Amino acid sequence: MADADANATGAIIPARDAALLQDTVREAGALAQSMFRTELKKWTKGASSPVSEADIAVNDLLEARLRAATPDYGWLSEESADDEVRLSRRLTWIVDPIDGTRNYLNGNDEWCVSVALVEDASPVLAAVFAPTSDEFFFAARGQGTTLNDVPVRATAGFELDFSRVAGPKPLVERLKPSLGEIKLHPRIGSLALRLCRVSHGALDAAFAGGNSHDWDLAAADLIVQEADGRMSDLSGDPILYNRRQVTHGVLVAAGRDRHANIVSHFRNRPLP
C-alpha cells in the first residue's frame with residue numbers, strides 16, 4: 001500500500017490513517033458489543049445526557065489507538081475534556097464512542113461507533129460501525145462511500161416519500177403539500193446512523209432537529225457526501241467542524257437533487 005493517496009480534490013490522505021481508522025473502529029465496535037446488554041455503571045452528565053462505563057471504555061480504546069499513532073493530530077470526543085489545542089491542528093479526530101447511548105443502555109440495537117478525521121474544518125476520512133446490525137460505513141474524500149466494503153449511493157430524484165424520511169415530525173411536516181397526516185420512517189435514535197442510512201438508499205432524507213454536535217455529524221457528513229448525497233443546514237451552507245463552537249442547528253441529508261429541493265423549500269419558507 002502506498003504511503004499516501006491523493007483524492008479527487010488534491011488533498012493527501014495518508015493510507016495508514018485510513019487503515020488505522022477502519023481497524024480501530026472495528027475494535028471499538030467489538031468492545032462496545034461485548035458490553036452491550038450487560039450490567040453497567042451509568043450516570044447523567046449535563047442536564048440530561050446519559051453516559052455509561054461502556055462509553056468511557058470505548059473512548060479510552062479509541063484515544064489510545066488513534067492518538068498513539070497520530071500524536072500530532074487534534075482530538076475532539078464527546079467523552080473527553082475538550083483540549084483547545086485541537087483548534088491549531090490541521091488534522092483532528094472527531095469521535096463519538098457510542099452514538100445512541102440511550103438506545104444502547106435500553107438494549108435497543110440502533111447505536112454505533114462514529115469517528116471522522118477532519119482537515120481544516122472538513123472531514124476527509126470517516127467510519128461508522130453499527131455492530132448489532134453489521135453495518136460498517138467507510139468514506140474517504142474523493143474516493144466514495146462503502147457499506148461493508150460495497151460501494152453505495154444515495155437515492156436519486158426529487159420526490160418525497162415520507163415513509164422514507166426520518167427526523168422530528170414537526171420539522172418534516174413543514175415539507176408536506178397539504179394538511180393531511182404523514183407517516184414517517186420509524187425513529188432512529190442514533191443520529192449518526194440515521195444520517196448514514198441516506199448513503200445507501202435505506203432513507204431518502206434524514207433530518208437533525210438542532211443542538212447536535214460535531215461528534216454526531218462529522219463522520220456521517222462525509223459518508224453521505226461521498227455517496228453522491230449532500231448534508232447541510234437548511235440554507236444549504238456546509239457544516240464546519242473543529243471550531244470553538246461545536247454545536248449545530250437544524251440539518252438535512254439527502255441525495256443531491258432531493259437535498260437541493262428541500263433546501264429550496266426552506267429558503268422560501270424559513271423556520272420561525
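Positions are given from 1 along the sequence. What you see is a predicted model; the values in this text were computed from it and never measured.
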Legend entry - Pairwise distance OG1(Thr92) to CG(Leu87) - rounded to 0.5 angstrom: 8.0 Å
Legend entry - Any Val118 side-chain heavy atom under 4.5 Å of Tyr241 side chain: yes
Inset, instruction - With side chain to side chain donor-acceptor pair (under 3.5 Å) as the test, would you mind laying out the steps for Glu135 and Ser133 before giving the verdict? - result: CA-CA 6 Å; Glu135 295 171 275; Ser133 53; 2.5 Å; yes
Legend entry - Ser212 OG to Ile239 CD1 distance, which is reported to the nearest 0.5 Å: 7.5 Å
Legend entry - Partners meeting side-chain hydrogen bond (donor to acceptor under 3.5 Å, both in side chains) with Arg86 (sequence neighbours left out): Asp82, Asn242
Inset, instruction - For Ser190 and Leu193, indicate whether the former's side chain and the latter's backbone hold a donor-acceptor pair under 3.5 Å. - result: yes
Legend entry - Closest non-hydrogen atom pair, Asn59 against Glu79: ND2-O, 3.5 Å
Legend entry - Check: His259 and Ser264 side chains under 4.5 Å, non-hydrogen atoms: no
Inset, instruction - Test Asp96 against His213 for side chain to side chain donor-acceptor pair (under 3.5 Å), laying out the working first. - result: CA-CA 10 Å; Asp96 195 340; His213 295 78; over 6 Å; no
Inset, instruction - Indicate the ring-plane relationship of Phe207 and Phe266, choosing parallel, tilted or perpendicular according to the 30° and 60° boundaries. - result: perpendicular
Inset, instruction - Please report the shortest heavy-atom distance between Val25 and Val115, naming the atom on each side. - result: CG2-CG2, 3.7 Å
Legend entry - Pairs satisfying salt bridge (charged side-chain N to carboxylate O under 4.0 Å, His left out), at least one member in residues 183-194, at least two apart: none
Inset, instruction - Could you tell me whether Lys42 atom NZ has more than 12 heavy atoms of other residues or ligands within 6.0 Å of it? - result: no
Inset, instruction - Could you grab the distance from atom CZ of Phe129 to atom CH2 of Trp111, nearest 0.5 Å is fine? - result: 8.0 Å
Inset, instruction - Taking the side chain as every heavy atom from C-beta outward, state whether Phe138 and Thr145 have any atom pair closer than 4.5 Å. - result: no
Legend entry - Any donor-acceptor pair under 3.5 Å from Asp233 side chain to Ser235 backbone: yes
Legend entry - Closest non-hydrogen atom pair between Thr70 and Leu66, with its separation: OG1-O, 2.6 Å
Legend entry - Cation over ring face, Arg67 and Tyr73, 6.0 Å, 45°: no
Inset, instruction - Kindly write out the residues that satisfy salt bridge (charged side-chain N to carboxylate O under 4.0 Å, His left out) with Glu39, not counting sequence neighbours, or none if the list is empty. - result: none
